[in-house]
Structures are given as structure tokens and as C-alpha cells.
Amino acid sequence: MNARAWYEGLTLRGTFLEREPMGRHCSWRAGGPAERYFEPADPEDLAVYLAHAPADEPITWLGLGSNVLVRDGGLPGTVIATARAFGALERIGALEFEIGAGVSCAKVAKAAAKAGLHGGEFLAGIPGSLGGALAMNAGAFGGETWRLVSAVATIDRAGVRRRRAAAEYRIAYRSVTGPAAEEWFTGARLHFEAGADGAAQERIRALLAQRAATQPLGLPSCGSVFKNPPGDFAGRLIEAAGMKGARCGGCSVSAKHANFIVNDANGTATDIETLIERVRAAVFAQSGIRLESEARILGRPPAGGPREEKP
Ligand SMILES: Cc1cc2nc3c(=O)[nH]c(=O)nc-3n(C[C@H](O)[C@H](O)[C@H](O)COP(=O)(O)OP(=O)(O)OC[C@H]3O[C@@H](n4cnc5c(N)ncnc54)[C@H](O)[C@@H]3O)c2cc1C
């Protein structure tokens, strides 16, 4: 007889699924299954789950899946999806908001602009959650998430919740190093600047139009695949290496923006990762520069698929 799994019999109010295809939750619309997928109803529901999870249960947090590729072999352990549990957004002073990690970046930008505050406009076109933006130090058009952060709220795998000052984190371009491993963001206090009424809304409109003109927004992607190397642009290097338009299976390097890989014909995670490696090799051969992935590639390759990405 099979032993009872540790999660059987838990009373959870959120959505709990086994072998959930991650293509349903990732903007690339490809990817293998998560062994377990849990979308807690609220922080208390999450606390119950974390309190019962064994110490060796791998845990991966997911915002809106707009920067993640789960290999076709799937992801061991539990994916915790934050969209429902951390959705609060509250203005708490003249210039500050307290915002849950599950709130979309677009909603953050809109709320600040509506309040006549400036500095968050760049978030409007980033299709992720605040939690993902905090984890990635997402940025665009000269703005960066962590320039807005005064404090964050976190939870660790024992369910302990903390408040931490922004100064406790080491922040760099698309990189955030926290003071503790296995501690995740549940929210943040963001600080904006006072400005003229309507100006932030106007800037949001202009930035969204600029994105629509330069990015393949109608097709599944994760935005820019590679980080820009110091003093250069990944897109320029990819184009110079002759990889614009290159294809692998159902995916291609966008003809509109060479740093986007689009899933335009039902491609798999293996197609995407293979194309990423081909682009990286072509750029290295042409320029001597080794591009670093901005997209987070997670999980197990399928049997016979691409090898683990080297850090
Ligand atoms: C069309 C398009 C345009 C884009 N443009 C931009 C852009 O201009 N600038 C930019 O920076 N990015 C851009 N991106 C990439 C992406 O939207 C950002 O990286 C975004 O911040 C990811 O947020 P998410 O909620 O989707 O995170 P996910 O993709 O769900 O997760 C990303 C990483 O963050 C971790 N994570 C998620 N939530 C938490 C949490 N609460 N606590 C701790 N870790 C967490 C995940 O484990 C994962 O490692 C774009 C993507 C697309 C598809």
C-alpha cells in the first residue's frame, strides 16, 4: 500500500493541483508540469501549507510567470502562486503605498499615477506582479523597481513573516540578493514623488505606445531573454550575430525585437531553451561576449533534452 502523501488531508481554501502544466501559468505558454501547484486563498492558507511542507520540499514562488521558463521535464516540489493571496493596495501617506506581492505592476503604476504621483510609470508595461518585480529588480525606460522600495514584507518556509528595510538587500541590474535564503516577498512599501496632475498618466500612455511599436506584444514571450551586457545591448549583439528571425521548432527570435524569443507556433520549453543556447553561442562566436539569461530557467530537462544551464 502507498504511504499517505504529506499534503493529503490538509484543509486548504485555495487552489491545489498536482502535475499542473506550467505553460498555463507562464507567458511563454510552454513548460512542463509542477509536481504540486498551490494558489493560497490568503496568507493564513499559505501559512497552513508551509507549516506542513517537509523541509526537503522544493518551493518555487511564482508571480504572473512572465519571466520564467519551466523545462519540459517539469518542476519538482511546490509552486506557490501569489496572485490571489497578496492583492492589497493601500495608500498610506502623501507619497507612499503599501502593496501586496500579487498586485500587477500595471495596477501599481496606474494607482500611483491616479494619485498624482510620479516614478512608477515604467511599471505600466511590465506584465508581472510586484513580487516578481521585487525578485527581478524589474526596470524599463530608466526606472527600476528597487528605487521605489522603502521596505518589504517577507515570509520564510517556516511561515515566519518579517518586515525588512530596503537597505538589507543588495541591488543591481536585474539582480536582488536578500539577507536570507528561502524568504519570499509578500509585499512592499513603495515611495513615489509628487508631481503635476495628469503628467504621470500621460507618460504611461507614451511608454505603452513605445512598447507596442518596438516589441512583439501579441505573441507569447518573456520579454527580453538576455540581460544587456555593460555598455551594449543584447538585441544589437543578437542582430549582429545574424540570429534575428532564427527558428527552433515552434519558436523564433522575433523579427521585431531580437532580444525576444516568441512562441509563435506551439513551441515547447525545449525549443525555447535550445534557441536560447544557439543565440548565446552565435553571439559569443561573433563578439566574444557571453550573454547572461534574464529569464529564469527552472526545472528538469526532458530525457535527452538540453543540459542544465551553467550559471
Ligand atoms: C512582453 C513582456 C515585456 C516585458 N518587459 C519587461 C521590462 O520592460 N522590464 C523588465 O524588467 N522585465 C520585463 N519583462 C519580464 C517580466 O515581466 C519581469 O521580470 C517581471 O518582473 C516578472 O514578474 P512576474 O510576476 O511575472 O514574475 P515570475 O515570472 O512569476 O517570476 C520571476 C522570478 O521571480 C521569483 N518570484 C516571483 N514572485 C516572487 C515573490 N513574491 N517573492 C520572491 N520571489 C518571487 C520567481 O521565483 C522567479 O524566479 C517583460 C515580460 C514580457 C512577457
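Index from 1, following the sequence. As the structure is a computational prediction, the values presented were derived from the model and not from experiment. Atoms considered below: every heavy atom in the structure, side chains included; atoms not considered: hydrogens, waters and symmetry mates.
Between W146 and Y169, the ring-plane angle classifies as tilted under the 30° and 60° cut-offs. H25 and Y37 have parallel rings, their planes meeting at less than 30° on a 0 to 90° scale where 60° marks the start of perpendicular.
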* To do: Take I276 and R280 through the test side-chain contact (heavy atoms from CB on, under 4.5 Å) and record every step on the way to the result.
  => CA-CA 6 Å; I276 288 174; R280 204 197 303 270; 3.9 Å; yes
* L95 vs L117, side-chain contact (heavy atoms from CB on, under 4.5 Å): CA-CA, chis, key distance, verdict -> CA-CA 7 Å; L95 301 176; L117 300 177; 3.7 Å; yes
* In sequence, state the C-alpha distance, the side-chain angles, and the governing distance for S252 and D264, and then conclude on side-chain hydrogen bond (donor to acceptor under 3.5 Å, both in side chains). => CA-CA 7 Å; S252 63; D264 52 1; 2.9 Å; yes
* **Full working for side-chain contact (heavy atoms from CB on, under 4.5 Å) between F260 and T214** => CA-CA 11 Å; F260 279 52; T214 55; over 6 Å; no
* Would T78 and E57 satisfy side-chain hydrogen bond (donor to acceptor under 3.5 Å, both in side chains), going step by step from the backbone distance to the final call? -> CA-CA 7 Å; T78 301; E57 171 77 354; 2.5 Å; yes
* Starting from the C-alpha separation in whole Å, work towards a yes-or-no answer on salt bridge (charged side-chain N to carboxylate O under 4.0 Å, His left out) for R236 and E239. => CA-CA 5 Å; R236 190 199 72 75; E239 221 172 317; over 6 Å; no
* Under the side-chain contact (heavy atoms from CB on, under 4.5 Å) criterion, do T82 and L62 qualify, and how do the steps go? -> CA-CA 6 Å; T82 55; L62 188 78; over 6 Å; no
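With salt bridges taken as basic N to acidic carboxylate O contacts below 4.0 Å, none links R300 and D72. Taking 4.0 Å as the cut-off between side-chain N and carboxylate O, K227 and E294 do not count as a salt-bridged pair. Between E98 and R163, at least one side-chain N (NZ, or NE/NH1/NH2) sits under 4.0 Å from a carboxylate O, which counts as a salt bridge.
Closest approach of G267 and C251 over heavy atoms only: CA-SG, 3.8 Å. Across every non-hydrogen atom of F284 and R290, the tightest pair is CD1-N, 3.9 Å. Heavy atoms only, all atoms of each residue included: N259 and A234 are closest at ND2-CB, 3.6 Å. Looking at every heavy atom in both residues, S104 comes nearest to L64 through CB-CD1, 4.2 Å. The two residues I272 and A30 come nearest to each other via the heavy atoms CD1-CB, 4.0 Å.
Exactly one of I59, T15, L17, D45 qualifies for a side-chain contact (heavy atoms from CB on, under 4.5 Å) with F38. That residue is D45.
Within 6.0 Å of NZ on K114 lie no more than 12 heavy atoms contributed by other residues, nucleotides or ligands.
In this model, a donor atom of one side chain and an acceptor atom of the other lie less than 3.5 Å apart for H191 and E96.
Residue I261 holds its CD1 atom at 10.5 Å from CD of E273, rounded to the nearest 0.5 Å. Here the CG-CZ distance, from N228 to F233, works out to 6.0 Å after rounding to the nearest 0.5 Å.
Taking the six-membered ring for Trp and the full ring otherwise, the centers of Y49 and W6 sit less than 6.0 Å from each other.
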